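The block underneath contains the structure these notes are about, expressed in structure tokens.
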Amino acid sequence: MAHFYNEPSHTFSEYLLIPGYTSEDCIPNNVSLRTPLTKYRKGVEEPAITLNIPMVSAIMQSVSNDSLAIALAKEGGLSFIFGSQSIESEAAMVAKVKNHKAGFVVSASNLTPENTLADVLALKKENGFSTVAITADGTATGKLLGIVTSRDYRVSRMNADDQVKSFMTPLEKLITAPCDTSLKEANDIIWEHKLNSLPIIDANGNLMYFVFRKDYSSHKNNPLELLDSEKRYLVGAGINTRDYAERVPALLEAGADVLCIDSSEGYTCWQAKTIAWIREKYGDSVKVGAGNVVDRDGFLFLARAGADFVKVGIGGGSICITRETKGIGRGQATALIEVAQARDEYFRETGIYVPICSDGGIVHDYHMTLALAMGADFMMLGRYFARFDESPTPKVMVNGAYMKEYWGEGSNRARNWQRYDLGGSAKLTFEEGVDSYVTYAGPLHDNVEASLYKVKSTMCNCGVINIPDLQKEAKLTLVSSTSIVEGGYHDVTLRSTSSSK
């Protein structure tokens, strides 16, 4: 006879936190959200990768590209570049993030001296950058011959076919710095000479990077930036269980710091085989997460297979219809609670702590705190990040409001059949995701800052100032349908904006 669970599965909205004692030290500014991303021997060593905030972005076409990866790394989180694209294009996105180098920016606008003013204007319109590097071959790493900024030309007084060499600022009039210049030294040069940008060149005169004056304040304002030993942003990348033998080497060559198998359901032989291949070829030097699972058995299977972290959640995403189409899944809260217990059980048996990632089901900011209290070490978010300027989708007007496009990897639009692969034919047999819009929310920085301040404030209400203590000390209660209604405004008539003036 089939196994039946006695208890129903629950979602985050069915729980509330009970306040704990708040001491004088328990204030949001004292809260640390640092959390492990990869497995480690707890109490013996530090994790190979630690997040400064418990947020990673979903492995989705409509969420995680290089621009969002850079923006999230600045805040202390990490993006997983979507894998449902060619190996070459995914590797290129990874390389863009690694080459950004926290202040050292690989030039995104490059021309030759023989190009024209029309080319300069077209390039500026395309990417919005006003500084154009002029190199011998027109590449970002060619021999630097000069630069063009908006101060070098006047559209009303020049011809569109005027060649760049006739109005660029030539190399001999530029202040440059060698490639061993530190970021502090570069900023000192910028301020001393009142520059807007400083080209960094190698011993052969080839352009390596730009350091921009405008980025100085940005780095001052982002003390939690997630950086590697070379001061480059950390970035992850999604892989699948089909072409990993070709994709993994390319992503590692591009600089990916961590990989994650992107799948709707991870308790499979295919994931174990993928991890085994990575371990055989690279040992433990390559970090790879796996999932998704919703119970103890699934977690233990992937932990024993060698996963560096395990993702939890099936069918809870806002664009996911797996539960509707296949009838599999579990309420996110219940799944997370059981998997967290299995993680702790595995740690007691082996001494190895395998972090778990709550993937899906986050609708409101307070759900983040609940997920952490229930045992998640960090959260993977899709809809949340899709709303921001830095996500790859266009901002569009829908019914008088600005929206951003957002679609599931199992939708007909994405056609990411590898994510739902069960060893059959190479195609998407039926859809497990929808194509939709989400309300545009503005810049990532402002929204993440506001969301995490709520998380920190709630943690202080619970009497804790770090995630491990929250997981240990939190008190949670199930709520009835009536108390859920009571939790919002009720028995009042809201004042309209016009009547309140």
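All figures in this text were calculated on a predicted structure; none of them were measured in a lab.
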Checklist entry - Can you tell me how far the OG1 atom of T439 sits from the CZ atom of R383, to the nearest 0.5 Å? => result 8.5 Å
Checklist entry - Going by distance alone, is a donor N or O of one side chain under 3.5 Å from an acceptor N or O of the other, for S67 and E390? => result no
Next on the checklist: Testing the basics here: between A376 and S358, what is the closest heavy-atom pair and its distance to 0.1 Å?
Outcome noted: CB-CB, 3.9 Å
Checklist entry - Given the rule in the side-chain hydrogen bond (donor to acceptor under 3.5 Å, both in side chains) test, do Y267 and N292 qualify, once you have shown the distances and angles that lead to the verdict? => result CA-CA 7 Å; Y267 191 5; N292 288 19; over 6 Å; no
Item to check | Test: K404 cationic atom under 6.0 Å from Y440 six-membered ring centre, within 45° of axis | outcome: no
Checklist entry - Under 30°, 30 to 60°, or over 60°: which ring-plane class applies to Y384 and F388, parallel, tilted or perpendicular? => result perpendicular
Checklist entry - Any sub-3.5 Å donor-acceptor pair from E14's side-chain atoms to T11's backbone N or O? => result yes
Checklist entry - Are the side chains of E75 and N222 in touch, meaning some heavy atoms are under 4.5 Å apart? => result yes
Next on the checklist: Checking the side chain of S109 only, and the main-chain atoms of F129 only, is there a donor and an acceptor separated by less than 3.5 Å?
Outcome noted: no
Next on the checklist: What verdict does the side chain to side chain contact (heavy atoms under 4.5 Å, CB included) test give for S79 and V56, after you've listed the backbone C-alpha separation in whole Å, the side-chain angles of each residue and the deciding distance to 0.1 Å?
Outcome noted: CA-CA 5 Å; S79 287; V56 301; over 6 Å; no
Checklist outcome for this item: Between I275 and A290 the two heavy atoms that sit nearest each other are CD1-CB, 4.0 Å
Item to check | M368 side chain near M379 side chain, heavy-atom distance below 4.5 Å | outcome: yes
Item to check | Worked verdict on Y233 versus E225 for side-chain hydrogen bond (donor to acceptor under 3.5 Å, both in side chains) | outcome: CA-CA 8 Å; Y233 290 127; E225 287 179 318; 2.9 Å; yes
Checklist entry - Looking at G266 and Q271, what are the two nearest heavy atoms and their distance? => result CA-NE2, 3.4 Å
Checklist entry - Salt bridge check: are R279 and D308 linked by an N-O gap of less than 4.0 Å? => result yes
Item to check | Under 3.5 Å donor-acceptor, S436 side chain and W407 backbone | outcome: no
Checklist entry - Counting heavy atoms not belonging to K395, are there more than 12 under 6.0 Å from its NZ? => result yes
Next on the checklist: Do V248 and I239 have side chains that approach each other closer than 4.5 Å (heavy atoms only, starting at C-beta)?
Outcome noted: yes
Next on the checklist: Quick check against the 3.5 Å criterion: does K39 have a side-chain atom that pairs as donor or acceptor with the backbone of P36?
Outcome noted: no
Checklist entry - Can you check side-chain hydrogen bond (donor to acceptor under 3.5 Å, both in side chains) on S64 and S57, steps first, answer last? => result CA-CA 6 Å; S64 295; S57 68; 2.6 Å; yes
Checklist entry - What distance do N65 atom CG and S391 atom OG have between them, rounded to the nearest 0.5 Å? => result 7.5 Å
Checklist entry - Between Y437 and R387, is there a cation-pi geometry (under 6.0 Å to ring centre, at most 45° from the normal)? => result no
Checklist outcome for this item: One should read off an interatomic distance between S483 OG and L16 CG, to the nearest 0.5 angstrom, of 6.5 Å
Item to check | Flag side-chain contact, heavy atom, 4.5 Å: R247 against R242 | outcome: no
Next on the checklist: For S9, run the side chain to side chain contact (heavy atoms under 4.5 Å, CB included) check against E338, Q332, R330 and tell me which one passes.
Outcome noted: R330
Checklist entry - Just by distance, do the side chain of D228 and the backbone of R232 share a donor-acceptor pair under 3.5 Å? => result yes
Item to check | Criterion side chain to side chain contact (heavy atoms under 4.5 Å, CB included) on K287 and L259, from CA distance to verdict | outcome: CA-CA 6 Å; K287 306 304 177 184; L259 307 173; over 6 Å; no
Item to check | Separation of L121 CG from S150 OG (nearest 0.5 Å) | outcome: 11.0 Å
Item to check | Ion pair check, K98 and D257, cut-off under 4.0 Å | outcome: yes
Next on the checklist: One pair to check against side-chain hydrogen bond (donor to acceptor under 3.5 Å, both in side chains): E7 and T334. What are the steps and the verdict?
Outcome noted: CA-CA 9 Å; E7 295 294 327; T334 300; over 6 Å; no
Next on the checklist: Run C460 and S457 through side chain to side chain contact (heavy atoms under 4.5 Å, CB included) and show every step you take.
Outcome noted: CA-CA 5 Å; C460 290; S457 296; 5.7 Å; no
Checklist outcome for this item: Of all heavy-atom pairs linking A371 and L336, the shortest is O-CD2, 3.4 Å
Item to check | Parallel, tilted or perpendicular: ring planes of F309 versus F80, cut at 30 and 60 degrees | outcome: tilted
Checklist entry - Between CD1 of I70 and CG of L444, what distance do you get to the nearest 0.5 Å? => result 12.0 Å
Checklist entry - Hey, are the side chains of V235 and I81 touching, using non-hydrogen atoms and a 4.5 Å cut-off? => result yes
Item to check | Note, I352 side chain near F347 side chain (heavy atom, < 4.5 Å) | outcome: no
Would you give me the side-chain donor-acceptor pairs under 3.5 Å for residues 293-304, sequence neighbours excluded?
from	atom 1	to	atom 2	distance (Å)
D295	OD1	G298	N	2.9
R296	NE	E345	OE1	3.0
R296	NH2	E345	OE2	2.7

Item to check | Residue Y282 excluded, over 12 heavy atoms near OH under 6.0 Å | outcome: yes
Item to check | Listed partners of S107 passing side chain to side chain donor-acceptor pair (under 3.5 Å), at least two apart | outcome: N110
Checklist entry - Are side-chain heavy atoms of Q61 and T393 found at a separation under 4.5 Å? => result no
Checklist entry - Looking only at atom types and distance, does a side-chain atom of N99 sit under 3.5 Å from a main-chain N or O of A95, one as donor and one as acceptor? => result yes
Item to check | Aromatic ring pairing F12/H367, orientation class (parallel under 30°, perpendicular over 60°, tilted between) | outcome: tilted
Item to check | Residues forming a side-chain contact (heavy atoms from CB on, under 4.5 Å) with A386, sequence neighbours excluded | outcome: V63, Y406, V438
Next on the checklist: Donor-acceptor pair, distance only, cut-off 3.5 Å: does the side chain of N52 make one with the backbone of R34?
Outcome noted: no
Next on the checklist: Test your reading of the model: is there a side-chain donor-acceptor pair from S263 to the backbone of E265, 3.5 Å cut-off?
Outcome noted: yes
Item to check | side chain to side chain contact (heavy atoms under 4.5 Å, CB included) assessment of L452 paired with L33 | outcome: CA-CA 9 Å; L452 293 184; L33 294 177; 4.0 Å; yes
Item to check | Nearest heavy-atom neighbours spanning D365 and V455 | outcome: O-CG2, 4.4 Å
Item to check | Nearest heavy-atom neighbours spanning L234 and A73 | outcome: O-CB, 4.0 Å
Next on the checklist: Would you say that V106 contacts K96 through its side chain, given a criterion of any heavy-atom pair below 4.5 Å between the two side chains?
Outcome noted: no
Next on the checklist: Checking the side chain of N447 only, and the main-chain atoms of A441 only, is there a donor and an acceptor separated by less than 3.5 Å?
Outcome noted: yes
Item to check | Distance, nearest 0.5 Å, that separates CZ of F378 from OG1 of T50 | outcome: 11.0 Å
Item to check | Under 3.5 Å: donor-acceptor pair, side chain of T35, backbone of D377 | outcome: yes
